[in-house]
Asks: 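Structure below; questions to follow.
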Amino acid sequence: MKRWNIVIFAIAIMVLFASCLSTKTNTATNSNNDYIIRGTQEDPNKLVEKQLLSVTVPVENPEYMELSKWSKVRATSEILDLIAGHKYFSNSEKTKFMSYLFDQLPINGQDGVTREVHVGKFFEDGSNLVIRVGTFTAAPDATVESDKVIMILTNILAMPDGSLNKSTGVFLHVDLNVGTILILNNSLLTDSRNISSEETNSSDLTTMSSLEKVMLAQSFLKDENPKNDLIAANIADEIIKGNTEPPAIIIMAMIFKYNYLLSQEDIAQAEVLWKEILSYSENVPGDMTPENLEALNGESLYMMKSLKGYFEK
């Protein structure tokens, strides 16, 4: 599948999605009492910091999006990347955020905005973060195979230097607001930027440096083909067991093997490896501190354990 086709497909969806947006509002877009409200505070203007509210468009005889546990965790992590939310939320708050985004999301309604999620007082001026979740059916001739296309658009503005404007929240234009497109296929959500299995499958490992190999493993773990996850794990194992590469390469391989174990829902082995990663990070210069690793990668273990009922009383 060509990357160019994906980009064109993404732009078309974003243009359609833009028609559903109001220009400057941080309030819930739906006023119909039949709309499905989730949250202890139904007025978005009264939310306290980090308090969640969702408004979902009702659908007759709804068919809800079915996702694997790993798919929900992976997609949530992608969205946390978009909003710089890894260190903002605690692990338990991330798990709740994941639920508000994806649980009981109907995918058989009309194309357009299906859900709006508010995070209270996210911005410096006290306004809410608003995430609009759109569901769309791909055209019959679309080059990206999908059961559904999920559009994510936030009221965070991206600055020219790539940073996020955290002063206030506003919807202006799909080219300016932070967002992404997720492709649903067989209970797996894949960020459209990571649709690459045909390209990565043609890679020649024998000609690659260790850095190129470990980045390929990352691509395999993020792409739309679950069968590639085992290839990623084998690449990571080779680097870990060889123990001849720089610590920065080895710890990346360890993290990707850890992600593979989570994708297989092997919590016990993932926990063992996670402890080894935190211990090994002492050998790695730079930003891979235990604190940063806990915020960026430890969340996945916590969310998976939560989805599997580890914290239920």
Side-chain angles (χ1 to χ4, degrees), residues 1-3 5-18 20 36 38 54 56-83 94-95 97-117 131-154 174 178-200 219-229 259 262-265 300 303-304 307:
M1 175 184 309
K2 300 292 186 182
R3 176 68 57 183
N5 290 337
I6 294 170
V7 172
I8 294 297
F9 180 71
I11 291 172
I13 291 294
M14 292 176 79
V15 170
L16 177 59
F17 191 78
C20 303
I36 302 165
R38 181 182 177 189
S54 73
T56 304
V57 176
V59 174
E60 186 176 357
N61 300 319
E63 296 175 9
Y64 297 120
M65 182 167 60
E66 295 184 5
L67 296 176
S68 67
K69 294 179 178 64
W70 172 243
S71 180
K72 290 178 71 172
V73 170
R74 190 175 76 166
T76 301
S77 182
E78 296 280 3
I79 294 172
L80 290 170
D81 281 343
L82 285 176
I83 66 174
K94 291 171 188 176
T95 302
F97 178 65
M98 173 174 61
S99 175
Y100 270 67
L101 283 171
F102 298 122
D103 285 359
Q104 293 188 311
L105 181 68
I107 58 172
N108 62 322
Q110 295 183 349
D111 285 357
V113 178
T114 301
R115 174 171 293 170
E116 191 171 87
V117 177
I131 301 173
R132 286 175 175 162
V133 183
T135 57
F136 298 89
T137 302
D141 60 346
T143 58
V144 179
E145 184 180 353
S146 67
D147 299 326
K148 211 72 176 180
V149 177
I150 311 298
M151 175 70 190
I152 303 291
L153 196 68
T154 77
V174 291
V178 172
T180 193
I181 293 173
L182 305 174
I183 307 301
L184 175 65
N185 202 346
N186 296 327
S187 79
L188 183 67
L189 271 180
T190 304
D191 192 304
S192 60
R193 296 168 297 179
N194 298 323
I195 300 288
S196 60
S197 66
E198 289 186 12
E199 297 168 18
T200 51
S219 296
F220 278 142
L221 287 164
K222 287 188 171 187
D223 74 16
E224 72 279 19
N225 186 356
K227 294 180 180 178
N228 285 338
D229 292 356
N259 285 341
L262 290 177
S263 75
Q264 303 303 302
E265 301 187 17
S300 298
M303 288 190 284
M304 282 295 295
L307 289 174

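Bear in mind the structure is a predicted one, so any value in this text is a computation, not a measurement.
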Asks: From Trp70 CH2 over to Asn259 CG, what is the distance, rounded to the nearest 0.5 angstrom?
Replies: 4.5 Å
Asks: Which residues pass the side chain to side chain donor-acceptor pair (under 3.5 Å) test with Lys69, sequence neighbours left out?
Replies: none
Asks: Where is the tightest heavy-atom contact between Arg115 and Gln104, given as atom of each residue plus distance?
Replies: NH2-O, 2.9 Å
Asks: Could you check if a side-chain atom of Ile183 sits within less than 4.5 angstrom of a side-chain atom of Val149, using non-hydrogen atoms only?
Replies: yes
Asks: Check the pair Glu78, Lys222 against side chain to side chain contact (heavy atoms under 4.5 Å, CB included), reporting the backbone distance first and the verdict last.
Replies: CA-CA 10 Å; Glu78 296 280 3; Lys222 287 188 171 187; 4.0 Å; yes
Asks: Has Ser192 got a side-chain atom pairing as donor or acceptor with Ile181's backbone, closer than 3.5 angstrom?
Replies: yes
Asks: Using 0.5 Å steps for rounding, measure from the CG atom of Leu307 to the OG atom of Ser99.
Replies: 9.0 Å
Asks: Output the distance between atom CG (Leu105) and atom NZ (Lys148), rounded to the nearest 0.5 Å.
Replies: 10.0 Å
Asks: Could you give the distance from CG (Asp223) to CD1 (Ile195), rounded to the nearest 0.5 Å?
Replies: 7.5 Å
Asks: Can you check whether Met65 reaches Asp147 side chain to side chain, under 4.5 Å on heavy atoms?
Replies: no
Asks: For the OG1 atom of Thr135 and the CD atom of Gln110, what is their distance to the nearest 0.5 Å?
Replies: 10.0 Å
Asks: Taking it one step at a time, do Leu182 and Leu184 satisfy side chain to side chain contact (heavy atoms under 4.5 Å, CB included)?
Replies: CA-CA 6 Å; Leu182 305 174; Leu184 175 65; over 6 Å; no
Asks: Could you report the tightest heavy-atom contact between Met98 and Thr76, atom names first, then the distance?
Replies: CG-OG1, 3.1 Å
Asks: Is a donor from one side chain sitting under 3.5 angstrom from an acceptor on the other, for Thr190 and Arg74?
Replies: yes
Asks: What closest approach, in Å, do Phe220 and Asp229 show between heavy atoms, and which atom pair accounts for it?
Replies: O-OD1, 3.4 Å
Asks: Please report the closest heavy-atom contact between Phe97 and Ile83, naming both atoms and the distance.
Replies: CZ-CD1, 4.1 Å
Asks: Under the rule for salt bridge (Lys or Arg N to Asp or Glu O under 4.0 Å), what residues qualify as partners of Asp191, not counting sequence neighbours?
Replies: Arg193
Asks: Heavy-atom distance under 4.5 Å between the side chains of Val57 and Pro106, does that happen here?
Replies: no
Asks: Looking at every heavy atom in both Phe136 and Asp111, which two are closest together, and how far apart are they?
Replies: CA-OD1, 3.4 Å
Asks: Heavy atoms, side chains only, cut-off 4.5 Å: are Asn185 and Glu224 in contact?
Replies: no
Asks: Ser71: which residues meet the side-chain contact (heavy atoms from CB on, under 4.5 Å) condition with it, sequence neighbours left out?
Replies: Leu67, Ser68, Leu188, Leu189
Asks: Which of these passes side chain to side chain contact (heavy atoms under 4.5 Å, CB included) with Thr154: Ile79, Leu82, Val178, Val117?
Replies: Val178
Asks: Does CD belonging to Glu265 count more than 12 external heavy atoms closer than 6.0 Å?
Replies: yes
Asks: Would you say the side chain of Val133 lies within less than 4.5 Å of the side chain of Glu116, judging by non-hydrogen atoms?
Replies: no
Asks: Measure the spacing between CG of Asn108 and CD of Glu60 and express it to the nearest 0.5 Å.
Replies: 9.5 Å
